[in-house]
Amino acid sequence: MSTHLTPIHSAAVARNSLDPLDPLRGGAQGEARYERLSRLIATDHAVIMDGATGTELIRVAGDRPELEEHLWGLTAILESPAQVKAVHRRYVDVGCDVICTDTWGLATALRHGQARLWETSEPIHWMDVARRGVHLAREAAAEAGRADEVAVAFSINGDVDTPDGRETIRLLARAFEHDPPDLIVVETLTLVRPSTYATVEALLATGLPVWLSFRRCRHGVCGVYGEHWGGPEGDSFGRAARRFEEMGVGALAVNCLPPDHVTGMLAWLRDFTDLPLGVYPNLGYLSAAGWRHEAGVSAAEYAELALRWREEGAQIVGGCCGVGPAQIAAARAALADTKPGQTRPDALTDESVQAPSPDSRQRPPAHWSDTRGRSSYPLDFPDITLEPGVFVPTQGSLTVWKYLYEEAVGAHQRCLDIGCGSGLLTVQLARNGAAHVHAIDISAAAVKNTLTNAFRNGVADRVSAAVQDLYPWVPEERYDMIVASLYQTPVDPFEPVVSHRPLDYWGRGLIDHLLRMLPEALADDGTAYVMQLSIIGERRTTQLLERLGYQARVVDFGLFEFTELFNDARDQIARVEELSDAYHLKLGATDVMTAYLLEITRKEGRTV
């Protein structure tokens with residue numbers, strides 16, 4: 001099986017012919033450096049890439065780059081060029097064949113609209129940063145006497161694959177007219193989008209060789225922590241690799257993933273493409289305390305890993321974040337007299353998932369359960385449909401539902417749901433084993449929707465519903481349990497009337513009327529669960545219940561942001577809060593109210 005590297009396009013050679021003997025220029029020497037890589041691969045020698053530059057700069061300069069990751073190396077190119085060159089030089093000295101520029105984050109910076117990346121007395125354009133990045137790598141190789149050997153790869157990340165990326169690529173070609181890198185390497189790519197092929201075409205049109213590197217393992221897209229995301233892909237990435245080869249891409253690699261996740265990837269890719277394949281994983285990850293290096297991966301151990309990748313067919317080996325000159329030097333020495341193999345790993349297991357024990361295969365996996373031993377995943381939520389014109393259950397209504405579900409209240413009782421809406425609370429009471437649930441609402445659509453949902457949940461035989469306005473309503477019986485989640489929005493009395501409800505300055509009209517109806521509607525030993533919002537106050541509720549001979553306690557509460565309805569009433573809510581004990585919370589620019597679930601019972605010794 002043959003592998004190849006794409007030769008430099010003749011147009012690029014023509015552009016670079018101004019200074020063919022200058023070691024700090026591209027020209028004919030640039031072509032020779034890249035051809036050297038081709039010869040190494042053609043003769044089964046390993047091509048050694050450098051390791052990390054950004055994380056090495058942390059050690060050298062003590063920088064904490066996590067605040068602006070995309071500016072890691074870009075800032076250093078301007079502010080600490082000697083340190084950047086010193087890192088490059090360390091990799092040149094240990095024998096690297098390819099040095100990557102410290103420009104990985106450039107595409108991300110440009111995506112954020114930073115054509116001029118720094119506020120200085122003399123702003124620097126990003127194209128100048130790109131040129132300087134190439135020049136620093138060239139100087140490091142020249143000062144070590146390896147200018148004719150070391151290929152400089154211009155590094156850029158996958159954010160170049162954006163709508164504006166094509167223009168960035170076109171301008172890069174102009175920036176490199178007089179001092180081009182030897183190749184372009186696009187790193188930490190993840191998904192292969194339809195636009196990716198157009199981006200690769202634009203990169204190839206610069207006339208420079210292009211290498212692509214993806215954050216992928218055998219199980220799909222892979223992050224620095226070894227986490228996988230994305231759905232099953234089958235062989236779509238393998239087919240993409242074949243297409244990249246047909247387009248003229250020079251090499252394909254995987255990078256920026258934990259070293260143990262490389263296993264199996266190269267052998268799998270080899271089924272699809274003859275491109276040279278490379279590996280350069282990370283060692284560690286970024287944390288609030290700085291770069292955390294992978295524990296236990298010494299230079300010698302990294303060399304052992306490199307040998308495994310070589311046995312699987314790796315032709316290019318290097319390192320990503322956390323990999324330093326010591327690991328690269330050890331890998332180079334270990335690979336010196338080796339040839340790429342064709343080993344296929346015995347098992348392509350997901351390293352992030354622990355294999356089941358023999359005992360666990362004999363029993364079903366345990367599911368999350370609540371305090372009553374009921375399965376909680378997925379949540380046993382009623383099958384609710386919402387018909388046109390029916391309110392979606394609010395956070396307050398969901399708080400009431402959660403309590404009914406958790407406490408399983410209502411069993412064997414005759415219940416009443418006031419303001420039933422979609423019927424969520426009605427259905428839950430019936431599912432809890434209520435003897436019968438009667439639901440009322442002023443909206444005919446809500447009543448119909450409640451009966452529909454009762455049927456959908458298999459409880460229609462114990463549910464009845466009627467269209468009823470709460471104000472003229474006269475209860476037909478006294479119920480063991482009443483639940484209610486009612487409209488509670490203060491209304492400016494000077495606003496025009498736009499609903500069937502009377503204007504309600506305090507937002508208490510419906511809930512106060514319900515409380516006054518309790519002696520007629522609630523059995524002496526019955527319980528009412530009523531949702532009340534903090535924006536209408538506690539004092540009035542307590543006074544009214546006291547006068548009627550009832551008591552209340554909070555059995556649950558929920559917090560939720562103002563919806564559009566409450567935002568529209570913001571001024572009136574502020575007036576009510578100023579004149580009463582009503583309140584809401586302010587979290588930055590977000591208004592948050594409390595929904596209290598009150599359990600109301602008759603005081604001991606008081607009967608109707």
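Below, all heavy atoms of this structure are taken into account, side chains as well, without hydrogens, waters or symmetry copies. For this chain, numbers begin at 1 and follow the sequence in order.
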Distance-only, no hydrogens or angles: does the [X] side chain make a donor-acceptor pair with backbone N or O of [Y] under 3.5 Å?
X	Y	answer
Arg508	Ile536	yes
Thr162	Gly165	yes
Asn453	Ser422	yes
Asn432	Val409	yes
Asp591	Lys586	no
Arg216	Thr190	yes
Glu312	Gly264	yes
Arg478	Ala521	no
Arg431	Val459	no

Query raised in the report: Strictly under 6.0 Å, is that where the ring centroids of Phe237 and Phe272 end up?
Result: no

Query raised in the report: Are Phe562 and His584 close enough that their ring centres sit under 6.0 Å apart?
Result: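 Ring centres of His584 and Phe562 closer than 6.0 Å.
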
Query raised in the report: Heavy atoms, side chains only, cut-off 4.5 Å: are Cys256 and Cys320 in contact?
Result: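 Side chain of Cys256 against side chain of Cys320, heavy atoms only: contact under 4.5 Å found.
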
Report task. Find out whether Leu514 and Val530 are in side-chain contact, i.e. whether some heavy atom of one side chain is under 4.5 Å from a heavy atom of the other. Result ->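 A side-chain contact exists here, since the closest heavy-atom pair is under 4.5 Å.
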
Query - Nearest-0.5 Å distance that lies between atom CZ in Arg166 and atom OG1 in Thr199 - result: 4.0 Å

Query raised in the report: Rounded to the nearest 0.5 Å, how far apart are CE of Met517 and CH2 of Trp473?
Result: 5.0 Å

Taking atom [atom1] of [X] as the centre, report whether more than 12 heavy atoms of other residues, nucleotides or ligands fall under 6.0 Å from it.
X	atom1	result
Tyr197	OH	yes
Phe455	CZ	no
Arg239	CZ	no
Glu538	CD	no
Arg372	CZ	yes

Query raised in the report: Is there a side-chain contact (heavy atoms from CB on, under 4.5 Å) between Thr563 and Asn567 once you walk through the steps?
Result: CA-CA 6 Å; Thr563 60; Asn567 280 321; over 6 Å; no

Requested in this report: Begin from the C-alpha positions of Leu533 and Phe560 and carry the test side-chain contact (heavy atoms from CB on, under 4.5 Å) through to its verdict.
Outcome: CA-CA 10 Å; Leu533 300 178; Phe560 61 96; 3.7 Å; yes

Do [X] and [Y] pair up side chain to side chain, a donor and an acceptor below 3.5 Å, judged on atom types alone?
X	Y	result
Ser464	His438	yes
Gln532	Thr541	yes
Asn157	Thr188	no
Trp401	Gln428	yes
Thr594	Tyr583	yes
Arg414	Tyr479	no
Asp161	Ser195	yes
Thr108	Asp159	yes

Query - Test: Arg575 cationic atom under 6.0 Å from Tyr505 six-membered ring centre, within 45° of axis - result: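 No.
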
**Report entry** Derivation and outcome, side-chain contact (heavy atoms from CB on, under 4.5 Å), residues Leu212 and Phe214
**Finding:** CA-CA 7 Å; Leu212 303 178; Phe214 285 81; 4.1 Å; yes

**Report entry** Step-by-step side-chain contact (heavy atoms from CB on, under 4.5 Å) determination, Tyr487 to Asp504
**Finding:** CA-CA 10 Å; Tyr487 184 91; Asp504 187 357; 6.0 Å; no

Query raised in the report: Would you call the rings of Tyr377 and Trp368 parallel, tilted or perpendicular if under 30° counts as parallel and over 60° as perpendicular?
Result: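 Correct class here is perpendicular.
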
Query raised in the report: Per the side-chain contact (heavy atoms from CB on, under 4.5 Å) rule, which among Thr450, Ile440, Val437 passes with Cys420?
Result: Thr450

